[in-house]
Structure formats: structure tokens, C-alpha cells
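See below for the structure under consideration.
Naming: A, B, ... by sequence-line order, numbering from 1 per chain.
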4 protein chains.
Amino acid sequence: YGKNTIKFLRLHREGKKHFVKEVEVCAHLRLTSPQEYLEGNNSLVIPTDTIKNIVLVLAKKNGIPSLEQFAIDICNHFMTTFCQVAYVKTYVQEVPWQRLYEDGVPHIHSFICVPDGIRFCEAEQCRNGPLVVFAGIKDLKLMKTTQSGFEGFYKNEHTTLPERHDRILCGELFCKWSYGECKDLDFNCIWKKIRECILEAFAGPPDCGEYSPSYQKTVNSIQMLVLSRVSQVQVIEAVLNNTFYNVVDMKNLGLTNDKEVLVPVEAPYGSCACTLGRK
Amino acid sequence: YGKNTIKFLRLHREGKKHFVKEVEVCAHLRLTSPQEYLEGNNSLVIPTDTIKNIVLVLAKKNGIPSLEQFAIDICNHFMTTFCQVAYVKTYVQEVPWQRLYEDGVPHIHSFICVPDGIRFCEAEQCRNGPLVVFAGIKDLKLMKTTQSGFEGFYKNEHTTLPERHDRILCGELFCKWSYGECKDLDFNCIWKKIRECILEAFAGPPDCGEYSPSYQKTVNSIQMLVLSRVSQVQVIEAVLNNTFYNVVDMKNLGLTNDKEVLVPVEAPYGSCACTLGRK
Amino acid sequence: YGKNTIKFLRLHREGKKHFVKEVEVCAHLRLTSPQEYLEGNNSLVIPTDTIKNIVLVLAKKNGIPSLEQFAIDICNHFMTTFCQVAYVKTYVQEVPWQRLYEDGVPHIHSFICVPDGIRFCEAEQCRNGPLVVFAGIKDLKLMKTTQSGFEGFYKNEHTTLPERHDRILCGELFCKWSYGECKDLDFNCIWKKIRECILEAFAGPPDCGEYSPSYQKTVNSIQMLVLSRVSQVQVIEAVLNNTFYNVVDMKNLGLTNDKEVLVPVEAPYGSCACTLGRK
Amino acid sequence: YGKNTIKFLRLHREGKKHFVKEVEVCAHLRLTSPQEYLEGNNSLVIPTDTIKNIVLVLAKKNGIPSLEQFAIDICNHFMTTFCQVAYVKTYVQEVPWQRLYEDGVPHIHSFICVPDGIRFCEAEQCRNGPLVVFAGIKDLKLMKTTQSGFEGFYKNEHTTLPERHDRILCGELFCKWSYGECKDLDFNCIWKKIRECILEAFAGPPDCGEYSPSYQKTVNSIQMLVLSRVSQVQVIEAVLNNTFYNVVDMKNLGLTNDKEVLVPVEAPYGSCACTLGRK
């Protein structure tokens, strides 16, 4: 049980310059005894209202140097404070405020919301077990308008899809990875580096791109690049939810449509997922 | 990988009387080899477009006698047709069309959408493993305006919640259960019976209700009643996402509010989950 | 300016039997002077927080005998209390809680949310003008699986739609109507009667239905029936957002699909709107 | 009547460099006769399917140099082609794809979705009337963490809001403006300039900001700056939906919270709207 979507803003000031971190936190516990379920005995139950208070107090005391550190702080607090807690799991997601710029000049206290991929993390711990930390990005929508195809697939009497060597590849990406030993990691820096790897592996070189033979291969390329470039990542999971774009058939309308006008097909949508670790 | 939200309507006619079943299907596969991820070799890949075609063909051929039977049909088809499929999972969700009544008379071909709890099911199978079938209900919003409290809970310096012995209990319920051997089950009949158990356990007797000492205990009561009444259910999972209702403090406004005006608190919200099986 | 989505529950008790009315209120004002916009002078501005307080106080004092009466109460309060208010508009929408039944027996304090068409109303008044009251229903999803066609329409070189005399008619309906003189109206009773008219005009007789030559004609039939049966309605607006269902072409898959399997087309969707009054 | 959410992507290629414009179009018509409503006579009705075809054909033939020009093209087509059209209104909204950059280098065919304010436009025309063009931005979420207050407002017995001279100002902005004579306007350039005006007026100078005495005054400042800087704008409407941030009271928790931890209040939310034109 626990509390979901604890939303708050942590404001940090350095002189007249302001820094904001707005987050949404979920914190879940499992207790050592299920007596509140079975007997209605609440004596060990930490109310979800108290969970919320603790999250806010930790934000006040520690600030949010990184989402990951904040998730770790919450786990540590519950494990060290409450002996009736057998397991704790924390999820932290960021509201993507970015500092506003006017003519290239950063504003000291104004911000704009830019949701081009949402950063999140998780931390979980069993009593007497290790603290495990995950980080990730979600709702990252990417598109490449060529250098993508799908050919040589399995065919039978239910196959109607034609082979295509030049199609649009578009999808919403979810990536989540685990860290090993979390001592002295610069979580903010690593996260930015991984985001860059993802974009690079998706798009390929800026001047020519790189051919993708399937959504699956693109997912794998993203994972391989992250694992090769970022040694702190142990396992990486990636899910790509595709939006197909159908070339509109304009023959009936007396026109030849050379992949200039396409309509997105939002339902049904394909999805592929893969989890990759190190040997 | 697979195809999500394959939406379609299956229309069945008996003379002039029409029956509709509109569903949303997700079908996911895992293949015996990951060569399409690692090498970009698509030769074993069944396109998600073909998956969609198969789902539609099965709906045409078999109809949808029950969501569960349809999910089983899909699993069976993939397992028996494609030797490269190592695992298949199917999710089927119903659009809650109900026959329209005029003055108590059922209409032969008109329907109204009544989303008071969405029926869904899942079926999954590993090659050489058993077919496992789940059914469930989600988005079921229930409220009782008394016979609910929360007292005797654990307190420390972060506790600000007062004890309450008469509060509103309101939440959105998700229940999912597994069946054992699925031969000759009347899935539609069982599902209706379970829904009634859930409502009865939540609300208690119509003339007086039953006191709930916590959300957790209510969740447990629901599970216990289902397990005791419906022998085909093996394991039942329940999640209750609570909406708290705060009694508005009207002292500053010169009024005494005897729990007459309350405001819902939608974020953060509490959640409790429990999975219960048989010995 | 004003306050939107003021959500609250009004609980009414008669002995052990409870009655709930949960609503969402928006209340907007226009002041006689725009000095807060132009000069930043707030001296006439009633804070939106005060607007919220007033709505809650009126709910406490008057209860909510009907949405319409409550909207009228709010308008009256602002007009009579604040001479700086030039115009007030109130919108009230209901959360569709219904009493729970167990084996046909009504429960004294348990409720289930059944969103099969949302009831709402509006009231507005200019200083020195009449109070105008609207009521309506929205998010009402209806379907008929035959007795619908679309033929004889205008054609040119951009027309690819075939004529059809037997299709599914499905859509989400929005209806809003105005009342004339509001003295002694039983708003709850009238609303229920109008809802029944809408369903009847949409579906036709239960044993055979009634042919609809277009969405437009169905919209008109609904309006005509309401105006003819409910004398208190002066003007009625209706908007029908259609979902088309395409019959899946299964020729390539070796099957004949006699309108048994259809897929909904959610985007783009057609829409038709009409406003009809009395002579 | 008409067609809503006609979604498509227009791909334009210059050598190996690709340009995308993905839009969502709504096109509505009013015919000279309501005979399809009253008599079920469809002979003048242009099917919404044909409307969709026409939009796609125009996209293929003309491309989308700007949303506004495309909306004008659609209006012109309906007015000149169909004499039974009495009125046409078009709405065009952009999916915010931005070219992907790798280390500062633009990618030739890869894009990322960055929804930091959605661009849209409208064009409408009555037969024998002028073509009127609107443009706008919506879903633009902005925040300033100081230089905002609300004092000196009207108070009575229902007022509980304290005066505040240093609060967070946060909201979602909607702006829509009309152009006069549309000949030779560079719609893309003007739109960007107006967006910059909005941000500048909201935030004030980057090194110190500018005090806002109310949401209303901020709305007015935005409008005034746009009207003064962009001569092509005739009338500008702005709506600001506020999210209040409450400073969490931590006294009970033994802490002093100097506006460091705040929780957003999403419902109810305040709203202010103003329309401003030239003399």
C-alpha cells in the first residue's frame, strides 16, 4: 500500500536566482505483518497521509539534488525509521520545467514547461537486501522520415502487409535502466548522456542517418549504444510503441502521392520491448 | 512484441435481434530466437499487422461467446500455427454496450454505453506450459458515505492525520483473478457472480452496511467473499485506489459543517493492493 | 474571470438513509470596471478563492435540490450581494453516482458511479437582465446496428464514399436546451423525461427501430420529439459526434464478412450540430 | 456539420533534407438549405468523407507553407467549388515536431516532439463576407517563482484568502488573435514574434522580472505588448488558467517552510480571460 502522485515543487534560491524542481512521487510499503488486512488491526499501519508528510519533510530538509538521490533518501528513511517495513519502493517523476531564455539570456526566476521526454526514477529495497536504483525516460516521441524499412518477414495466408524499404519510423519510447553500485554517481550527468545516446542511436549520423530494418533492431541499437558508452548501466529495458503512417492512396482522386501525404494510424499500434544486460 | 488496442465490433444477428460485442485486444508474442533484435533478421517475425488480421479472422470465425474463450482461441491459434512462438499473451477488454430499454422493453438493435466497471481478461501460455486464464473488472468506482473509519494506526512525529470513526470510503477498484482448469466454465455467468460478490462485500447489508476499519480490510473482505463463493477462482488480486473526502472547515465562514459538504482530494491518493490465494 | 472545477460532495441524511450529490461547479464573473486589467487595481476583485467559498456555503445552506436550482442560487447570490458584478455565469455538472442495489434492494448508504450520460446545467444573468437557465446531457454514447444509411448525397471528383443503406450509426451525443420562465419547474422530472425522449427518438420503436437517412436527420428527430413532448423547452441544441464503423474487407483473407466484424474509425470523426427553437 | 481531427503528415523533401508538417484539421460547413435536417434530403450534403479527401488533396497539391495559408486554401476551395456552402470554418493545429540536433548539428530526417505551446489557426468565411483569419498558441505552461502578488482585493464575510505580495504565478496560457488584411503576411515569422512577446511580457526582464499584481494584469500586459509590437494583429484574446501553489504548513512537523516546498492545487483552478482590440 502507499501514496501515489504526491506532487510538489521544491524551490531553491541562490541570491536572486531561483531553481525549481517539481516532482510527482509514489511511495509504497509492504509491512512485516498483514494483520490490517486479515484482522483489521491498524497498529502497525503508517497512514498514507504520514507517508506524504515524510516525503515533503525530506524534500524540505535535503532538497532534490537529483531525482535518484531523493528516491534513495526516501527508501533510507523508511527502512531506518520503521522496523515494521519489510519493503519500500519509491517512484519519482519530474515535471519538465526549463528555465526561460530571452534572446539567449537566462531568466532568473521564470520557467516554461517542455515535455520532450519525461525523466523518472525508482528505488526499492527489501529489509536486509540491497538498495536498487533505476532511472529512465518516458513519453519521448521520435520520428525519422526515411532510412527505415521492414522486409523479409514471415508470411502465411494471414499476411497482407507489403514489404517496404522506405517508410516512416515513428514511436513513443520508454527506457528504464538499473545502476549497479550507486556510490558517487553523478545521476544528472549520466541521465543526460544516456538521453543523448538514445537520440543518436535512433537517428544515426546527422548527415545521412542509419538504416533500420525493424523497430526491434532500432530498440536493440539504442540499448547497445547505452551499454557501450555508459559503464554504470547494468541492465536496460526499452519499449517502443509505434505509430504507423499510411501513405494515402490518391489514385481514385487522380493524383500520385509519392509519400508526401501520410496519415497516422493510432489504433491499433505495434509495440516491441526488449531487456538487455551485460554478460 | 505485439499489437495493442486492436478495436473491433463483432455483430451477431438472430433474426431481427442484434447482439454486439465490442472489444479491444492486445496480443503479444515472444519468439524462440531474438535474431531480429540482434541481427536484424526478420525471417521469423510475424508482423503485428498479421497479428491483427488473425485476431479479426478468429472473431469472424468463432464469434466472441465470452471474452475469456476468445482470448483462449487466440492463444491456441498462435501456439498451434507458429512453431517459432515461445510465448503468447492476450488481453481482451470490453466496451460496455448495454441493450437499450424503452419503458422496460428491450430494443432489438439499439445500445447505450454504460461504463460502470470494465470487464477484461487475459490468457497466456508458454510453449509446453499450461494455458493460464485471468479475468477481471476495472474502473469500478464505489462509495459508501458512512460505516467506515481509520483508527488505532501507528503514530510518530510525522503523523498529522486525526483518527476518524465515520468517514466516506470511496475508491476505484481493480480486481483480477485466475481460474484453475478452464474446461466447461461458464465465464459470463461466473463473472457476473463475482461482480455481485464485490459489490456485496464492499457495501455490506442493504439496510445497515458493515463497518470498515480500513481500506485494507475492505479489500480483504472482497477477496474472502469471492474465494468462498466462487470455487473456480484460485487467486484473486485487488487494488483499491482511494479518493479521500475532506470535510470542509466552515468555522471561518460562521457555519457548522456536520459532514454535509466535503471536497474530494484527487492527488495524492492512497492505494492498497493485496493478492490472496487458496491454501 | 472565475473559478473552474469546484468539486464537492453534498451529503444529505434522512435517518439512516443517505443521499449524495457530487458536483463540479464553474462560476464566472464580469465586473463593471476592467480596472484590475488596465491599472492593476484589485479593489473590486472578488478573489476566486472567495467565489469557491460562496459556492460551498450555498451548498451547505441550501443543499442541491436540483443542479438547476443550485445554479440559480449562485447567480442570485452574486447579483444581490455584489454591486460590482455586471454578469454572472454558472455551470454545474454532476458526478453520476447511483444508489447501489443488492438483489433489487436499495442500499441505504452505498453508491456506484454510472457515467451513461452526464447531466449538467448553466445559468447566466446580466445586471438588469433576465436569468436564463439551460440544462443538458453530454457524453451519451449510443449505437444502433441497423436502420441507418446515407444515400443520395452530393458527389463530385473528390467523392470516394459509397452509398450505404445499412450501416451502424454510433455517436456521442451532446444536448443542451433552454427553459423559459423557471417558476415552479420540476427540473429533475423534466430532465429525466427529456433523456427518455432522446433515447426514444434515437432508437425508434423497440421491435423494429426507425430508419435514419443521415446523422443530421437523427439529430433533428431528437430535437423535434423533445420540443413536442416537453413544453418548457424553448430552444434545443444538439451535437452528434459520429464514430464510423468500417466493415473489414476479408476477401484477401479468404472470408466473406457480412457486416459481422467492423472496426471503429475514431479519427477523423464527423460531427453535426443543429439548434432548433419554437416559432 | 463537418469533419474533426483530420490528422496527417505532409512530408517535403529538398534533396536529402526532409521537412515535416503534421497537423490536425477540422473543417465545418453550413449549407444554404437545412433540408437534410428537416426532410432527410441529402442531395446537397457534401459527405464528411469528401471533406477529408479535399483537405488531403489540398495538402498534396499546395503543401503547408504555413498553417494559416493552408486554412485559407481550404476555405477558398469550399467557397469557390460548392455553391451550396453558406459558411465554412477551418481549424488547423500543429503537432510540434522539431528537427533533432546532435552536438549542435541538425539531422536531415529525424525529429522530436516538443510540445511547449501548440500553434493553431482558424479561418472562416460567410458567402459574400470577408475571410477572417485567426492564429494562436495554446497549452503554453509558464511559471515565475517570485515577482507576483495579489493584494488590496475586495473583502467580505466569505473571504478567507490572505493578501500575498510574493507568490508563485503559474498557469496555462491560451492566446488567439485576428489578423486584418492577410495579403503578403509572413505568418510563420509573425507567429514566432508574438510568441516571444508573450514570454517577455509574462516574465519581464531576465535579470529582475517585473512585478505582477494579479493574473489579470499579466494577461493585459501580454496583450498590450503584442498589440504594440505587432501591427498586423487587430484583436487579441487571452485566457490564463492558473495553478495555485500552496506553501505547505510545516509547523506541526517542527519545521519552518520559507516557501521552499509548495503543493500545486489543480482543482479548483482560477481562470481569467480578456479580449483586447485597437481603437
**Message:** Could you check whether any side-chain heavy atom of D:T160 comes within less than 4.5 Å of a side-chain heavy atom of C:D49, counting everything from C-beta outward?
**Reply:** yes

**Message:** Restricting to non-hydrogen atoms, name the atom on C:Y154 and the atom on D:S43 that form the minimum distance, rounded to 0.1 Å.
**Reply:** CB-O, 3.4 Å

**Asked** What pair of heavy atoms forms the shortest contact from C:K217 to D:Y37, and how long is it?
**Response** CD-O, 3.3 Å

**Prompt:** Are any side-chain N or O atoms of C:N42 and backbone N or O atoms of D:F150, one a donor and one an acceptor, separated by less than 3.5 Å?
**Reply:** no

**Request:** Would you give the length of the straight line joining atom CZ of D:R30 to atom SG of C:C274, rounded to the nearest 0.5 angstrom?
**Result:** 11.0 Å

**Prompt:** Which heavy atom of C:N4 sits nearest a heavy atom of D:N241, and at what distance?
**Reply:** ND2-OD1, 4.2 Å

**Euclidean distance, C:L240 CG relative to D:Y1 OH, rounded to 0.5 Å** = 14.5 Å

**Prompt:** Within a radius of less than 6.0 Å around NZ of D:K61, do more than 12 heavy atoms belonging to other residues, nucleotides or ligands occur?
**Reply:** no

**Shortest non-hydrogen contact between D:F244 and C:K3, atoms and distance** = CE1-NZ, 3.7 Å

**Option in C:S221, C:A273, C:S212, C:P34 with maximal non-hydrogen atom pairs under 4.5 Å from chain D** = C:A273

**Fill in**
When every non-hydrogen atom of C:G40 is compared with those of D:P213, the smallest separation belongs to CA-CG, 4.0 Å

**Request:** Let me know if D:Y215 has heavy atoms under 4.5 Å from chain C in its side chain, its backbone, both or neither.
**Result:** neither

**Item:** Under 4.5 Å from a heavy atom of chain D, the part of C:E24 involved
**Value:** neither

**Prompt:** Going from CD1 on C:I54 to OG1 on D:T159, what distance comes out if it is rounded to the nearest 0.5 angstrom?
**Reply:** 7.5 Å

**Request:** Over all heavy atoms of both residues, which pair between D:V45 and C:Q216 is shortest? Give the atoms and the distance, please.
**Result:** CG1-NE2, 4.2 Å

**Item:** C:A267 portion near chain D, given a 4.5 angstrom heavy-atom threshold
**Value:** both

**Prompt:** Heavy-atom count around C:K141 NZ within 6.0 Å, excluding the residue itself: above 12?
**Reply:** no

**Asked** With respect to chain D, which residue among C:G270, C:C272, C:G152, C:S271 yields the maximal number of heavy-atom pairs within a distance under 4.5 Å?
**Response** C:S271

**Message:** How long is the straight-line distance from OG of D:S214 back to CG of C:N41, given to the nearest 0.5 Å?
**Reply:** 9.5 Å

**Message:** Between C:L38 and chain D, with a heavy-atom cut-off of 4.5 Å, which part of the residue counts as in contact: side chain, backbone, both or neither?
**Reply:** both

**Request:** Calculate, to the nearest 0.5 Å, the distance between atoms NE2 and CG belonging to C:H158 and D:L58 respectively.
**Result:** 7.0 Å

**Complete:** Assert top hit (heavy-atom pairs under 4.5 Å, partner chain C, pool D:T81, D:N220, D:I46) equals D:N220

**Asked** chain D heavy atoms under 4.5 Å from C:Q84: which part of the residue, side chain, backbone, both or neither?
**Response** side chain

**Among D:I6, D:V239, D:L276, residue most engaged with chain C (heavy-atom pairs, under 4.5 Å)** = D:I6

**Request:** Report yes if some heavy atom in the side chain of C:N156 is under 4.5 Å from a heavy atom in the side chain of D:T50; otherwise report no.
**Result:** yes

**Message:** Can you tell me which of C:T48, C:L161, C:T218 forms the most heavy-atom pairs within a distance under 4.5 Å of chain D?
**Reply:** C:L161

